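These figures come from a predicted structure and were not determined experimentally. First the proteins, then the strands, lettered A, B, ... as listed; each starts at 1. Hydrogens, waters and symmetry mates play no part in the numbers below; they use all other heavy atoms, side chains included.
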2 protein chains.
Amino acid sequence: MGIVRKTKSVKEILAFFSTKNEAKSAVQLIEFFKDKMNRTTVYRILDRLVEEGILHSFNGKEGLKWYAKCQGCSSEHHSDVHPHFQCTDCDKVECLPTNIALPNLNNRSIDSVDFFLTGKCATCNS
Amino acid sequence: MGIVRKTKSVKEILAFFSTKNEAKSAVQLIEFFKDKMNRTTVYRILDRLVEEGILHSFNGKEGLKWYAKCQGCSSEHHSDVHPHFQCTDCDKVECLPTNIALPNLNNRSIDSVDFFLTGKCATCNS
DNA sequence: AAATCTAATGCAGTTTAGTTGCAATAACAA
DNA sequence: TTGTTATTGCAACTAAACTGCATTAGATTT
């Protein structure tokens, strides 16, 4: 497990995620940071932060990669098994603070759980 | 709504899905049919079959598009809201014959539900 | 604080899934 | 058999994500 240096770029991305509690796509982050760092750097930092358990990632509706801050996760233990909700109006993606009810899996063992919902968020629904 | 002609290619793809009950990715189908039809044709037929309610599609772990046969769906009514399970050993994707328990959505309205699990399937687990 | 080590970065090029425009072809109806 | 038009193949395109490599900049040691 390589050391992760807290570079300027890493700090920027961490600061970004610590303010807002929504998920962001790699594409959005690349656009947001385009004057501060290279696209490749964004991808690589996101990878590292996921490996460290600081962010979790999942695939959105169009197959894009999304990232959000983990709550109480580490590289060893991942407790972030919750649904993600994308609004079809404003495109925001929220982490829903609920546990996922697993279906009956018979003789299957489980590795990862992705629960992705789309619809209208509370704001766009009012 | 355009007429969908039962061409040779359409029949091939329908026959393929009627034999096996597992899901297949667009990439797998393109590879499988590479001597019989063009990649573009595969994509377009899949699109049409989804529109007609004959297949349903969802996004797999790596953001790839997957397709499986619907059970009792039409272009008007879609009843195929079930989890999908991909084996990390044999890569097969199964449709789990269970309903998905929805979380509490507060003031959100819902459009689509994607529940994707990975792990070891019953066969690879024994 | 200078020298050193190596993780992290930028850049350009590459890969791959999926899409589009258009001319040619093949279902299907008359 | 002819005519209509949905469908196909092809080539070019788009966009997300990845890779190799030379350079830069954190961290560590002296």
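At a cut-off of 3.5 angstrom, counting only N and O atoms as typed in the model, there is a donor on one side and an acceptor on the other between the side-chain of Arg39(A) and the base of dA17(D). Interface remark: the Arg44(B) side chain does not form any donor-acceptor pair with the dG18(C) base, using a distance-only criterion of under 3.5 Å.
Note on Lys34(A) versus Glu31(A): salt bridge recorded, some NZ/NE/NH1/NH2 to OD/OE distance being below 4.0 Å. At a threshold of 4.0 Å, the pair Glu94(B)-Lys92(B) does not count as salt-bridged, since none of the basic side-chain nitrogens sits closer than that to a carboxylate oxygen. Ion pairing of Lys120(A) with Asp111(B) is absent here, as no side-chain N (NZ or NE/NH1/NH2) approaches a carboxylate O to less than 4.0 Å.
Rounded to a whole Å, the CD atom of Glu12(B) is 11 Å from the P atom of dG9(D). dT8(D) atom P lies 10 Å from atom CZ of Arg5(B), rounded to whole Å. When the P atom of dG18(C) is taken as reference, atom CG of Asn59(A) falls 12 Å away, rounded to whole Å. When rounded to the nearest whole Å, the span between CG of Asp47(A) and C1' of dA7(C) equals 15 Å. Protein atom CH2 of Trp66(B) is 12 Å distant from nucleotide atom P of dA17(C), rounded to whole Å. Lys61(A) places its NZ atom 13 Å from the P atom of dG18(C), with the value rounded to the nearest Å. Leu46(A) places its CG atom 14 Å from the P atom of dA16(D), with the value rounded to the nearest Å. Atom NZ in Lys8(B) sits about 7 Å away from atom P in dA27(C), given to the nearest Å.
Below 30°, between 30° and 60°, or above 60°: for His84(A) and Phe58(A) the angle between ring planes is below 30°, a parallel geometry. Taking the six-membered ring for Trp and thresholds of 30 and 60 degrees, Phe115(B) and Phe115(A) have nearly parallel ring planes, at less than 30 degrees apart.
Nearest to the side chain of Lys6(A), among dC28(C), dA27(D), dT8(D), sits dA27(D). Distance from the side chain of Lys65(A) is smallest to dA17(D) among dA17(D), dG18(C), dT9(C). In the set dG10(C), dA17(C), dT8(D), the nucleotide with an atom closest to the side chain of Thr41(A) is dG10(C). Taking only side-chain atoms of Ile45(A), from C-beta outward, the nucleotide of dA25(D), dT9(C), dG18(C) with the closest atom is dT9(C).
Put simply, Thr7(A) has no side-chain N or O that comes within less than 4.0 Å of OP1 or OP2 on dG26(D). The side chain of Asn38(B) contributes no N or O atom lying less than 4.0 Å from OP1 or OP2 of dT8(D). The phosphate of dC18(D) (OP1 or OP2) has no side-chain N or O of Tyr43(A) nearer than 4.0 angstrom. A sub-4.0 Å separation between OP1 or OP2 of dT7(D) and a side-chain N or O of Ser9(B) is absent.
Within 4.0 Å (heavy atoms only), Ile30(B) reaches no atom of the nucleic acid at all. When heavy atoms are screened at a 4.0 angstrom cut-off, Thr40(B) is found touching base atoms of the nucleic acid.
Between Lys11(B) and Lys36(A), the residue anchored closer to the 5' end of DNA chain C is Lys36(A), taking for each the nucleotide with the nearest heavy atom.
Side-chain polar atoms of Thr118(A) and Ser112(B) form a donor-acceptor pair below 3.5 angstrom.
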